[in-house]
Amino acid sequence: MVARQLLGHWLVHESPEGVTAGRIVEAEAYLGPNDPASHAYRRTPRSRPMWGPPGYAYVYFTYGNHYCINVVTESEGVAGAVLIRALEPVAGLPLMRRRRGVEREELLCSGPGRLTQAMGITGAHNGVDLCAPPLYIARGGLLPGEQVASSGRIGVVRAAGWPWRFFVAGNPHVSRGPKEAVR
DNA sequence: TGAGTGATTGACT
DNA sequence: GTCAATCACTCAT
């Protein structure tokens, strides 16, 4: 599963204010029409990138306050994406702190809405190519299999029990959902 | 045309 | 532990 492979890679954003980067420590898979919890379950103009070619970003705005970023993983014409839920900050921490307004490193990127704010990602990045600057994914070191845990998805009502959430076990930057993670 | 819901976070009791 | 903020989109008049 692609969500599993995404862990350990870096998400890099080269913005005019400076470069920020983080290691992906938590990701969640969403499919298309077969997944009741996915935005692709009901097609919307905003989520159109989910049907696009793989390697592109799908950024959406939710709850009136927060952005979330997805990586499109399926081929063109097939809906499918991986939601990036948490990052471990590795570069541009001062800039992240300024954008987030918090000092603690664990609070900078430990959540979907938090990491987009820390990285400076907005709706303007919807549909951009993640294989080229200014916003892209870089290959990170391989992750030992025993460090990767999975659990049911967080924050969704439908199909929440599907074990499509992957995260780095014991990493302090992983978000804690309303439900306790089932290792 | 209007009410309800949501892949969330942060502030307040 | 509870609740508000606030926007895109769906569903019901």
Side-chain angles (χ1 to χ4, degrees), chain A residues 1-7 9 11 20 22 24-52 54 56-74 78-89 96-128 130 135 137 149-168 171-182:
Chain A
M1 191 152 286
V2 187
R4 159 74 178 82
Q5 298 171 350
L6 220 49
L7 293 181
H9 289 251
L11 181 65
T20 52
I24 300 173
V25 294
E26 185 178 1
E28 214 167 279
Y30 285 88
L31 295 187
N34 294 330
D35 185 355
S38 172
H39 284 185
Y41 186 67
R42 270 293 184 241
R43 190 168 189 160
T44 71
R46 198 92 181 153
S47 64
R48 193 166 57 241
M50 285 188 82
W51 281 264
Y56 279 71
Y58 162 44
V59 182
Y60 71 94
F61 194 61
T62 190
Y63 288 98
N65 303 343
H66 303 287
Y67 290 100
C68 296
I69 182 170
N70 294 249
V71 182
V72 179
T73 56
E74 301 296 328
V78 181
V82 174
L83 168 69
I84 299 179
R85 291 193 56 88
L87 296 177
E88 176 183 330
M96 289 184 180
R97 289 198 173 94
R98 207 180 70 207
R99 289 201 274 232
R100 291 273 300 118
V102 297
E103 286 299 316
R104 287 234 298 277
E105 187 178 322
E106 311 88 52
L107 295 180
L108 287 178
C109 298
S110 57
R114 288 171 178 168
L115 76 88
T116 50
Q117 187 183 1
M119 298 284 291
I121 295 170
T122 70
H125 297 95
N126 193 28
V128 302
L130 285 176
L135 183 64
I137 289 177
S150 66
S151 77
R153 292 184 292 190
I154 291 178
V156 293
V157 179
R158 297 172 171 277
W162 299 7
W164 289 352
R165 171 178 174 251
F166 298 88
F167 58 96
V168 180
N171 191 294
H173 302 284
V174 171
S175 70
R176 282 192 298 260
K179 291 179 182 179
E180 195 58 37
V182 194

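Throughout, a chain's letter reflects where its sequence line sits, starting with A, and its residues are numbered from 1.
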With both distances under 3.5 angstrom, what nucleotide forms a Watson-Crick or G-U wobble pair with B/dA7?
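Looking at the geometry, B/dA7 pairs with no nucleotide.
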
Please give the nucleotide sitting opposite C/dT6 as a Watson-Crick or G-U wobble pair, both distances under 3.5 Å, or none.
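Across any shown strand, C/dT6 pairs with none.
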
If you measure from the P atom in C/dG1 to the same atom in B/dA7, how many Å do you get, rounded?
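Roughly 23 Å separates the two P atoms.
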
Selected nucleotide, minimal atom distance to [X] side chain, candidates [options]:
X	options	value
A/Leu83	B/dT9, B/dA7, C/dC9	B/dA7
A/Tyr30	B/dA7, C/dC9, B/dT9	B/dA7
A/Arg46	B/dG6, C/dC9, C/dA5	C/dC9
A/Arg85	C/dC11, B/dG10, B/dA7	B/dA7
A/Thr44	B/dG6, B/dG10, C/dT10	C/dT10

Can a donor-acceptor pair be found, under 3.5 Å and without considering hydrogens, that links the side chain of [X] to the backbone of [Y]?
X	Y	result
A/Asn70	A/Tyr58	yes
A/Ser47	A/Met50	no
A/Arg100	A/Leu107	yes
A/Arg153	A/Ala159	yes

Side-chain N or O of A/His66 closer than 4.0 Å to phosphate OP1/OP2 of B/dT9
no

Considering every strand and a 4.0 Å limit on heavy-atom distances, what is the contact class for A/Tyr63: base, sugar-phosphate, or nothing?
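If one applies the 4.0 Å heavy-atom cut-off, A/Tyr63 turns out to touch a base.
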
Would you mind classifying the nucleic acid contact of A/Arg158 as base, sugar-phosphate or nothing, using non-hydrogen atoms under 4.0 angstrom?
nothing

Would A/Tyr60 pass as stacked on C/dA8, i.e. its ring centre under 5.5 Å from the base's six-membered ring centre and planes under 30° apart?
no

